[in-house]
Chemist: 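Attaching a single structure in structure tokens format; questions to follow.
It should be emphasised that the depicted structure is a prediction, and the values quoted were computed from it without experimental measurement. Just so you know, these numbers use all the heavy atoms, side chains as well, and skip hydrogens, waters and symmetry mates.
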Amino acid sequence: MRFQTLFEGRWIFAFLLVLTAGSGYLARAGNPLWYGLLAIALLLILFCLNFFRDPERTPPGDPLAILAAADGVVADITEVEESEVLHRRVKRIGIFLNVFNVHVNKAPIDGKITYLQHHPGLFLDARHAEATTKNEALTWAFEGARATLVVRQITGAIARRIVPWSKLGDTVPRNFRFGMIRFGSRTEVFLPLECQVLVQIGDAVKGGLDIIARFPADPAA
């Protein structure tokens with residue numbers, strides 16, 4: 001677990017620690033109400049420690065691989081018109097993250113961050129059909145050797161904060177932690193039509209580790 005993710009939850013942990021200490025002190029009087037509150041506070045601390053975890057992962061060595069940008073379940077795979085960055089028809093892989101998933105987002109390819117734009121919006125449930133276009137979001141573009149991929153972080157009904165850790169112009173490797181979303185949310189990866197998608201709807205994936213698609217092989221290779 002890296003300190004950076006815990007730092008993002010510092011105010012949550014501070015409140016829970018105060019709540020734990022206070023209820024523990026008052027529970028000494030023997031009132032079962034305070035024992036119950038103490039138990040709840042301890043459970044919430046364990047939940048938050050689990051939520052803000054950030055395990056180390058070693059990405060596969062396949063140079064044609066496109067990695068999952070987030071932990072979660074593949075919610076949809078579709079062709080759409082990407083009109084913000086690429087301005088052409090692409091494949092979109094949407095990943096839904098529940099509150100028990102790792103919420104750190106990882107770069108799907110080696111590349112330079114050439115676009116970064118925040119979009120204010122609503123906080124619909126991340127599974128809602130209109131969440132992808134109406135919710136608050138942060139759009140990234142990673143320019144790699146074979147193509148530019150777009151990644152969009154989208155908030156949900158509970159997740160209301162997107163935290164960027166990288167900035168425009170940074171060059172990052174695959175599996176690089178570029179940001180996180182607090183609590184349940186959605187992450188989308190937009191890739192060229194010629195890429196081969198290797199996952200199906202309902203598949204569980206891990207960010208920076210699992211291959212979701214591959215670039216076509218270089219004929220000259």
Side-chain angles (χ1 to χ4, degrees), residues 51 57 59 65-109 111 113 115-142 144 147-164 166 174-215:
F51 176 83
R57 291 172 181 164
I66 298 171
L67 305 182
D71 285 33
V73 173
V74 177
D76 55 82
I77 302 169
T78 186
E79 290 188 13
V80 297
E81 189 73 22
E82 203 295 307
S83 57
E84 183 177 355
V85 182
L86 302 174
H87 304 288
R88 62 175 180 269
R89 200 155 185 82
V90 296
K91 292 177 179 176
R92 184 188 73 195
I93 301 177
I95 301 171
F96 173 73
L97 298 76
N98 65 39
V99 294
F100 298 106
N101 289 128
V102 173
H103 271 60
V104 176
N105 290 130
K106 308 288 190 70
I109 58 172
I113 298 172
Y115 184 88
L116 178 57
Q117 181 65 48
H118 173 257
H119 300 280
L122 305 177
F123 299 101
L124 302 173
D125 187 298
R127 291 164 292 190
H128 194 285
E130 295 184 323
T132 184
T133 56
K134 292 188 175 181
N135 277 18
E136 181 173 342
L138 194 61
T139 303
W140 304 73
F142 296 86
T148 296
L149 300 190
V150 170
V151 176
R152 185 165 294 135
Q153 299 170 290
I154 301 171
T155 61
I158 300 176
R160 299 194 172 214
R161 179 169 167 77
I162 301 173
V163 184
S166 297
R174 288 187 302 172
N175 188 44
F176 185 83
R177 301 165 171 91
F178 66 85
M180 73 175 296
I181 315 173
R182 286 188 184 172
F183 304 105
S185 48
R186 176 182 169 94
T187 298
E188 299 175 338
V189 182
F190 298 78
L191 50 143
L193 291 176
E194 61 268 22
C195 290
Q196 177 189 9
V197 175
L198 300 177
V199 291
Q200 297 179 340
I201 294 174
D203 285 352
V205 295
K206 293 183 177 180
L209 181 64
D210 290 335
I211 300 173
I212 58 171
R214 294 182 82 250
F215 289 111

Chemist: Which pair of heavy atoms, one from I201 and one from A75, lies closest together, and at what distance?
Modeler: CG2-O, 3.7 Å
Chemist: Can you see which heavy atom on A65 is nearest to which on R174, and at what distance?
Modeler: CB-NH1, 3.5 Å
Chemist: Can you tell me how far OG1 of T187 sits from CD1 of I154, rounded to the nearest 0.5 angstrom?
Modeler: 7.5 Å
Chemist: What is the distance from atom SG of C195 to atom CD1 of I93, rounded to the nearest 0.5 Å?
Modeler: 8.5 Å
Chemist: Please evaluate residues L198 and I212 with respect to the criterion side-chain contact (heavy atoms from CB on, under 4.5 Å), reporting the C-alpha separation (whole Å), side-chain torsions for both, the decisive distance (0.1 Å), and the verdict.
Modeler: CA-CA 5 Å; L198 300 177; I212 58 171; over 6 Å; no
Chemist: T139 and R152: side-chain donor and acceptor closer than 3.5 Å?
Modeler: yes
Chemist: Please name the pair of heavy atoms, one in N105 and one in Q153, separated by the smallest distance, quoted to 0.1 Å.
Modeler: OD1-NE2, 2.6 Å
Chemist: Calculate, to the nearest 0.5 Å, the distance between atoms CZ and CG belonging to F215 and L191 respectively.
Modeler: 7.5 Å
Chemist: Report the C-alpha distance between L116 and L138 in whole Å, list the side-chain angles of each, state the deciding distance to 0.1 Å, and finish with yes or no for side-chain contact (heavy atoms from CB on, under 4.5 Å).
Modeler: CA-CA 7 Å; L116 178 57; L138 194 61; 3.9 Å; yes
Chemist: Between I66 and I109, is any pair of side-chain heavy atoms under 4.5 Å apart?
Modeler: yes
Chemist: Apply side-chain contact (heavy atoms from CB on, under 4.5 Å) to residues V85 and F190 and explain how you reach the verdict.
Modeler: CA-CA 10 Å; V85 182; F190 298 78; over 6 Å; no
Chemist: Rounded to the nearest 0.5 Å, how far apart are NZ of K206 and CG of N101?
Modeler: 10.5 Å
Chemist: If the test is salt bridge (Lys or Arg N to Asp or Glu O under 4.0 Å), which one of R92, R88, R89 qualifies with E79?
Modeler: R89
Chemist: Does any part of the side chain of R57, heavy atoms only, come nearer than 4.5 Å to the side chain of D71, both counted from C-beta?
Modeler: yes
Chemist: Looking only at heavy atoms, what is the nearest atom pair of T132 and R186, with distance?
Modeler: CB-NE, 4.2 Å
Chemist: Nearest 0.5 Å, what's the NZ-CD distance between K91 and E194?
Modeler: 8.0 Å
Chemist: Using side-chain contact (heavy atoms from CB on, under 4.5 Å), reason through V150 and W140 one step at a time and then give a plain yes or no.
Modeler: CA-CA 6 Å; V150 170; W140 304 73; over 6 Å; no
Chemist: Looking only at heavy atoms, which two atoms of T155 and R161 are closest? And how far apart?
Modeler: CG2-N, 4.3 Å
Chemist: On a heavy-atom basis, which atom in D210 and which in A204 lie closest, and how many Å separate them?
Modeler: OD2-O, 4.1 Å
Chemist: Are any non-hydrogen side-chain atoms of H118 and E136 less than 4.5 angstrom apart?
Modeler: yes
Chemist: Measuring from atom NE2 of H103 to atom CG of N98, what distance do you get when rounded to the nearest 0.5 angstrom?
Modeler: 7.0 Å
Chemist: What I'd like to find out is whether the side chain of T148 reaches to under 4.5 Å of the side chain of Y115, using heavy atoms alone.
Modeler: no
Chemist: Backbone N or O of E84 within a donor-acceptor pair of the E82 side chain at under 3.5 Å?
Modeler: yes
Chemist: Measuring only between side-chain heavy atoms, which start at C-beta, is I211 closer than 4.5 Å to P59?
Modeler: no
Chemist: Do L209 and N175 have side chains that get closer than 4.5 Å, going by heavy atoms?
Modeler: no
